[in-house]
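Got a structure here, written out as structure tokens. Questions coming.
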There are 2 protein chains.
Amino acid sequence: MSDRARHIPEATVARLPVYLRSLAELVDDKIPTVSSERLAEMAGVNAAKVRKDLSYLGSYGTRGVGYDVEYLLFQMSRELGLTHDWPVAIVGAGNLGSALANYGGFTQRGFPVAALFDSDRAKVGQEIHGVEVHHTDDIAPLAKKLGVGIGVIATPASAAQDAADKLVAAGVGSILNFAPTVISVPEGVSLRKVDLALELQILSFYQEHRDADG
Amino acid sequence: MSDRARHIPEATVARLPVYLRSLAELVDDKIPTVSSERLAEMAGVNAAKVRKDLSYLGSYGTRGVGYDVEYLLFQMSRELGLTHDWPVAIVGAGNLGSALANYGGFTQRGFPVAALFDSDRAKVGQEIHGVEVHHTDDIAPLAKKLGVGIGVIATPASAAQDAADKLVAAGVGSILNFAPTVISVPEGVSLRKVDLALELQILSFYQEHRDADG
DNA sequence: GAACGCTAGTGCGCAAGTTCACAAGCGCAC
DNA sequence: GTGCGCTTGTGAACTTGCGCACTAGCGTTC
Ligand SMILES: NC(=O)c1ccc[n+]([C@@H]2O[C@H](COP(=O)([O-])OP(=O)(O)OC[C@H]3O[C@@H](n4cnc5c(N)ncnc54)[C@H](O)[C@@H]3O)[C@@H](O)[C@H]2O)c1
Ligand SMILES: NC(=O)c1ccc[n+]([C@@H]2O[C@H](COP(=O)([O-])OP(=O)(O)OC[C@H]3O[C@@H](n4cnc5c(N)ncnc54)[C@H](O)[C@@H]3O)[C@@H](O)[C@H]2O)c1
């Protein structure tokens with residue numbers, strides 16, 4: 001791996017968090033080193049893929065031995081930007097937005113919910129899990145002030161694009177969209193989606209075809 | 001497209017539900033035909049990809065005109081197996097499991113929650129959104145009786161593999177896993193995951209590197 | 001009925017991702 | 001210090017996916 005030629009493939013980036021979780025388990029179990037084969041088993045992938053993926057981070061393994069678990073965990077955390085917190089703003093303080101704010105798993109993993117936003121004046125001023133609900137008009141100033149880099153959209157589908165636009169205007173560089181609709185963001189802004197209905201429909205396809213063809 | 005050579009690529013299958021949603025919008029707006037270009041714009045993809053994807057379903061377009069919205073919607077629904085309901089079983093009746101059971105969006109899209117399962121005897125017998133909570137020991141007989149084809153795992157990570165095993169033993173062919181852990185299923189069983197922490201970590205990576213490199 | 005405009009369907013080259021297989025190299029045993 | 005077993009790192013073949021650019025063909029106009 002040459003010095004600054006560190007363009008990590010998207011597919012690899014998507015797997016790093018899986019390895020990270022496996023490494024965290026190994027640390028808990030006080031296991032000092034791990035082979036690519038063992039890590040592959042834990043992450044549910046091919047061992048060659050693990051080695052190639054890890055090689056993008058640098059040459060952190062030792063031939064004949066494996067990878068030092070703590071060292072690799074640290075390097076990977078650094079690469080993923082997990083050595084510091086990422087305050088998150090949630091737009092849409094309904095069922096889902098509230099559930100996410102209440103879910104401790106986020107803060108625990110370094111993604112504290114810094115603010116909730118809603119367009120419903122009746123919700124503004126309420127507090128959910130210690131986080132105040134603000135009006136969507138205040139996204140830009142507040143998000144900037146709180147250092148929010150990641151926005152979560154939990155509004156109805158019809159309001160999702162508007163929410164995205166407001167987040168982008170506030171300087172948010174990454175968006176996680178839960179609304180079941182396609183939204184567009186300017187180049188340079190990362191966008192990922194979580195779409196349950198879509199996942200179920202994909203499963204439905206394979207289920208249907210297994211039943212019919214298999 | 002030859003007669004029975006209908007192996008639809010995975011990447012295409014994953015996009016079909018997106019097209020489906022766009023088509024549903026068009027039907028609502030009473031728009032009778034749509035071009036691949038318009039559909040591409042709605043689905044946020046390239047027009048050539050739309051045409052290639054749709055060609056796997058059959059030759060349903062008309063050159064010079066476009067696709068008949070209702071006809072394409074029907075054919076796609078049929079292909080995805082959405083012409084009938086898919087009863088779903090949820091394992092883990094905690095915060096997430098309850099939220100999913102309460103969320104109307106599932107039933108509405110043809111995935112009624114047929115049963116909830118939990119290992120906690122205190123929860124067994126309760127009713128959530130009209131669905132009774134059963135003990136995990138009863139997954140096999142009940143899932144079979146209710147015709148459950150799709151299982152949803154909403155247990156803590158430590159119990160996820162056990163839940164998956166029980167679902168597979170009950171004849172469930174597709175699993176959607178919300179627990180933040182890798183689980184394995186026998187070949188022939190479809191597995192998809194929804195993992196919020198993982199999504200946030202991926203966003204964190206790009207956010208970190210934009211800030212540092214850009 | 002001929003010509004034209006428009007859009008589906010697709011062949012093909014390119015890019016990304018995956019996997020195999022092997023050489024490089026570390027550490028331990030003796 | 002030499003040799004051996006083990007595991008990494010990676011070149012290269014292969015697979016999958018993408019998108020351009022072209023052809024086929026429908027419908028409409030004159
Ligand atoms: N609840 C679930 O389990 C679940 C599951 C999957 C997907 N979803 C999706 O998540 C989204 C939210 O679901 P929900 O159940 O929380 O809905 P909800 O109706 O409970 O909440 C939506 C919230 O968004 C607010 N809102 C509306 N327009 C807004 C705007 N322009 N700007 C800011 N806020 C606005 C509303 O005031 C409301 O508080 C929906 O798109 C839904 O399809 C929800
Ligand atoms: N709540 C959220 O917003 C959220 C968000 C992302 C991910 N998750 C994940 O979803 C899962 C569930 O989260 P939650 O908040 O509902 O947790 P929870 O503790 O509220 O619920 C878990 C439920 O699973 C049951 N359970 C435990 N072991 C079981 C077993 N062996 N078989 C069947 N049931 C068993 C428990 O009795 C409990 O009812 C967790 O893995 C969590 O990480 C939750």
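So you know, we letter chains A, B, ... as the sequences are listed, proteins then strands, and number each from 1.
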Within the modelled atom types, does a donor on one side and an acceptor on the other bring the side chain of B:Arg63 and the base of C:dT7 under 3.5 Å apart? no

Whole-Å distance, A:Arg51 CZ to C:dG25 C1', equals 14 Å

If you compare every side-chain N and O of B:Ser55 against the phosphate oxygens of C:dG9 (OP1, OP2), does one of them come in below 4.0 Å? no

Please report, rounded to the nearest Å, how far the C1' atom of C:dA16 is from the CD atom of A:Glu10.
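It works out to 10 Å between those atoms.
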
First encountered from the 5' end of DNA chain C, between B:Gly61 and A:Lys49: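 First, find each residue's nearest nucleotide; the 5'-ward one identifies B:Gly61.
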
message: Whole angstroms only, please: what is the CG-P distance between B:Asp68 and D:dG27?
response: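 That distance rounds to 12 Å.
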
Which comes earlier along DNA chain C counting from the 5' end, the contact point of B:Val65 or that of A:Asn46, where each point is its nearest nucleotide?
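The answer here is B:Val65.
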
Notebook entry, point to check: Quick one: which of D:dC26, C:dG9, C:dG17 gets closest to the side chain of B:Thr62?
Noted result: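 Selected nucleotide (nearest to the side chain): D:dC26.
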
Note to self: Looking at B:Ser36, I'd like to know whether one of its side-chain N or O atoms comes within less than 4.0 Å of OP1 or OP2 on C:dA8.
What the structure shows: yes

(message) Which heavy atom of A:Ser22 sits nearest to which heavy atom of A:Leu39, and what is that distance?
(response)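 In terms of heavy atoms, the two residues are closest at CB-CD1, 3.7 Å.
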
When rounded to whole Å, the CG to P distance for the pair B:Leu72 and C:dT7 reads 16 Å

Where A:Val113 and A:Thr107 come nearest, the two heavy atoms and their spacing:
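Closest heavy-atom pair between A:Val113 and A:Thr107: N-OG1, 4.2 Å.
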
Ranking D:dG17, C:dG9, D:dG9 by distance to the side chain of B:Ala11, first place goes to D:dG17

Nearest-nucleotide check on DNA chain D, A:Lys52 vs A:Gly64; residue mapping nearer the 5' end is A:Gly64

Separation of C:dT10 atom P from B:Asp53 atom CG, nearest Å, is 13 Å

B:His7 NE2 to D:dT16 P, in whole Å, measures 9 Å

### Task
Report which part of the nucleic acid A:Val50 touches: base, sugar-phosphate, or nothing (heavy-atom distance under 4.0 Å, all strands).
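Answer is nothing: A:Val50 stays at 4.0 Å or more from every strand.
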
Q | Gap separating the CZ atom of A:Phe106 from the CG atom of A:Leu100, nearest 0.5 angstrom | A |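 Between atom CZ of A:Phe106 and atom CG of A:Leu100 there are 5.0 Å.
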
Between CD of A:Glu37 and P of C:dC20 the distance, given in whole Å, is 12 Å

It should be established whether A:Tyr67 places a side-chain nitrogen or oxygen under 4.0 Å from OP1 or OP2 of nucleotide D:dG9.
yes

Exercise. Which heavy atom of B:Ser77 sits nearest a heavy atom of B:Leu20, and at what distance?
Worked result: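 Scanning both residues, the minimum pair turns out to be OG-CD1, 3.8 Å.
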
Quick note, B:Ala48 side chain, CB onward, closest among C:dT18, D:dT10, D:dA21 is D:dA21

Self-check item: Distance in angstrom units between A:Arg38 CZ and D:dT8 P, rounded
Solution: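 Checked: the CZ to P distance equals 13 Å.
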
Report task. Please indicate whether A:Glu37 has more than 12 foreign heavy atoms, meaning atoms of other residues, nucleotides or ligands, lying under 6.0 Å from its CD. Result ->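 Not buried by this count: 12 neighbours or fewer within 6.0 Å.
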
